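I have placed the structure first, in the form of structure tokens, so that the comments after it can refer back to it.
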Amino acid sequence: EAGKKEAKKDEASYDIGLQDTEKGVVTRFPPEPSGYLHIGHAKAALLNDYFAHKKYNGKLILRFDDTNPLKEKQEFEDAIVKDLELMGIKPDVCTHTSDYFQELYDECVKLIKSGGAYADNTPQEILRDERMKKIDSKCRGMSIEESLKHFEEMKEGTEEGQKWFIRAKINMQDLNGAMRDPVIYRCTPEPHHRTGSTWKCYPTYDFACPVVDAVEGVTHALRTTEYNDRDAQYQWFLKACGLRHVYNWNFARMAFVRTFLSKRKLTKIVDNGSVWGWDDPRMPTVRGIRRHGMTIPALQEFILQQGPSKSITLMDWTKFWATNKKFIDPVAARYTAIESKDKVSCTVAGAPAAPRSEMKDKHAKNSDLGKKKVVFSKNIILDQADAQSFAQDEEITLMNWGNAIVRNITHSLNPMGLLPGPPPKVTSLDLELHLQGDVKTTKKKVTWLSTDQELVPVKLHDFDYLLTKDKLEDDDDFEKFLNPNTEAVTECLADCNVADLKEDDIMQFDRKGFFRVDRAFKNGEAAAFFQIPTGKQNK
Ligand code: ATP
Ligand code: MG
Ligand code: MG
């Protein structure tokens, strides 16, 4: 309880300077249901949740920003709801921008009628050029009646209507490009995943966002800093439509090296098979990083620590994974695995004549995790790399057993004869227990496994970054920088206790690192373990 309170206090101490909070705080997280949540979205969601629920006693709205029928799917909505739940975020209400299509339509009509908007059909290229050069469109002076007539065509989705769009009439001479008559309605005759064919024209984000925020009672609209320039436009819409005031509050977009936080690019690599899916452990999605072994409390801490900063920094993964290690190290049970390839069979003189087993703590510093069976016997296996490092008569330590002296090393013959070849492999070893030896004086502490137990076949998967380049530039074709080798698999044999591990368990193989169980051992089929970076290897 006390610990919980302490953590609460800690969380509440991120200072963010929201204005006018005494009148109540209502925030919203507005994802477009066009993909799964990535860790950038996680930041936005956690910050909104933090302000609404932890810092102030307010309300959080989950609003699906579903104004583009071409990209949106129910599958994505369901996934987003689930991912928020996983992150411990409980929105007070869930809404859709599409719930307000009628209100938005009405506001647009009102805006046209008050002379605050007009219909335009300037081709895109020309429009962009005119906007850059501060040139009025030929339609800017169109009469209200004519604009309404075009809007009506758009609403019907007629062939003529599809050529038109509606622009707010703000100021083509403004130094801020966002004020130069932004588009607020477009005609898109495709059916919408929720409203079907009811609507043929849809509001743009620029227009829908302030209107729906005000209508839903949002007090503080959090957005990433690239929206700085659009805050003035947002405020203009509130005024022009005579709507409630909403504060804008901006925070830094999250960016990580060697990956991309962009739904468009992530969709592309899912669709082209570069990864297994949205939950691939290489994906920077909430599901991907969880499958890679990131824990939710660590994610929350990592994100909230950046809190309100407005400067965008390209982060490497060191701190991300180091934060996670802090959470998993005290609770990850310890086991042993030996590489199957070139494993070295040893005989241990002085070991019990018949195999003997002992129940030992799964974690030396956390007995709450329970016990595991450790088998001691004459026949053990070691990793090839360890065996190769041994010298005749060297005293080494068998971890969690004691010291032993290397008595006899048998090497394989050099396949090249007398010519120089690869270093010879150790094929077998004779060890002699020396339990009175001091484990503090040996240089080599090695893992070992008795073969007098049901060893469990496991595959250890280690993943690399998606990209070969730290930071993509805007004109880079990201597919050229996709890392062709992102997975290394090592086959091992693990101690008998590993057979009981379940999918999602997080554990450690001594001297091999932390892993998450992706597929438990079943029907004699090797279990799959995903290596969890710890920040050390700069991963
Ligand atoms: P993407 O480029 O991946 O499609 P988006 O901004 O278009 O991102 P939305 O679904 O509209 O995706 O985003 C929902 C919320 O998440 C928005 O408030 C947006 O500002 C925020 N968000 C998106 N990407 C990041 C990021 N990298 N860092 C912080 N917040 C982000
Ligand atoms: Mg968006
Ligand atoms: Mg986007």
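Computed from a predicted model, the values in this text were never measured in an experiment. These values consider heavy atoms only, across backbone and side chains, with no hydrogens, waters or symmetry-generated copies.
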Between the side chains of R258 and D464, is the shortest nitrogen-to-carboxylate-oxygen separation below 4.0 Å, so that they form an ion pair?
no

M294 and L299 have their tightest heavy-atom pair at CE-N, 3.5 Å

What's the verdict on ring-ring contact (aromatic ring centres under 6.0 Å, His included) for F481 and F260, showing C-alpha distance, side-chain angles and the deciding distance?
CA-CA 11 Å; F481 297 100; F260 29 81; over 10 Å; no

Can you tell me if S377 and N379 form a side-chain donor-acceptor pair at under 3.5 Å?
no

Taking NZ in K319 as the centre, count heavy atoms belonging to other residues, nucleotides or ligands within less than 6.0 Å. Is the count above 12?
yes

Qualifying residue, where the test is ring-ring contact (aromatic ring centres under 6.0 Å, His included) with H292 and the options are F530, W317, W321, F320:
W321

Mark yes when over 12 heavy atoms from residues, nucleotides or ligands other than E454 sit less than 6.0 Å from its CD; otherwise mark no.
no

Looking at E358 and K360, is any side-chain nitrogen of the basic one under 4.0 Å from a carboxylate oxygen of the acidic one?
yes

Distance-minimising heavy-atom pair for E301 and K326:
OE2-NZ, 2.5 Å

Taking the ring of F509 and the ring of F529, is the distance between their centroids below 6.0 Å?
yes

Answer whether the closest heavy-atom distance between the side chains of F256 and Y465 falls below 4.5 Å.
no

With a 4.0 Å cut-off on N to O distance, would you call R291 and D279 a salt bridge?
yes

Does K372 make a cation-pi contact with Y335 (under 6.0 Å, within 45 degrees of the axis)?
yes

At their closest point, which heavy atom of Q384 faces which heavy atom of D342, and how far apart are they?
NE2-O, 2.7 Å

Under 3.5 Å donor-acceptor, N497 side chain and K373 backbone:
yes

Spatial distance of atom CG (N57) from atom OG1 (T21) [nearest 0.5 Å]:
11.5 Å

Of all heavy-atom pairs linking V81 and F64, the shortest is CG2-CZ, 4.0 Å

When you compare the side chain of P281 with that of W276, does any pair of heavy atoms fall below 4.5 Å?
yes

In this structure, are over 12 heavy atoms from other groups packed under 6.0 Å from K445 atom NZ?
yes

Is it true that, when you exclude K343 itself, more than 12 heavy atoms of the residues, nucleotides or ligands shown sit nearer than 6.0 Å to its NZ?
no

Taking every non-hydrogen atom, the tightest pair across W448 and T336:
O-CG2, 3.6 Å

Taking the side chain as C-beta and beyond, is there a heavy-atom pair between S34 and K263 under 4.5 Å?
yes

Taking salt bridge (Lys or Arg N to Asp or Glu O under 4.0 Å) as the criterion, tell me which of K444, K512, R511 meets it with D386.
R511

Give a yes or no on whether the ring-centroid distance for F251 and F51 is below 6.0 angstrom.
no

Any side-chain donor near an acceptor of the partner, T468 and N483, under 3.5 Å:
no

Just by distance, with hydrogens left out, do E72 and N68 show a side-chain donor and acceptor under 3.5 Å apart?
no

Please check if the number of heavy atoms outside D477 that lie under 6.0 Å from its CG is greater than 12.
yes

Tell me whether the count of non-hydrogen atoms from other residues, nucleotides or ligands lying under 6.0 Å of NZ in K310 goes above 12.
yes

Is the number of heavy atoms from other residues, nucleotides or ligands within 6.0 Å of CG (L413) greater than 12?
no

Validation row: Y56, L18 side chains within 4.5 angstrom (heavy atoms):
yes

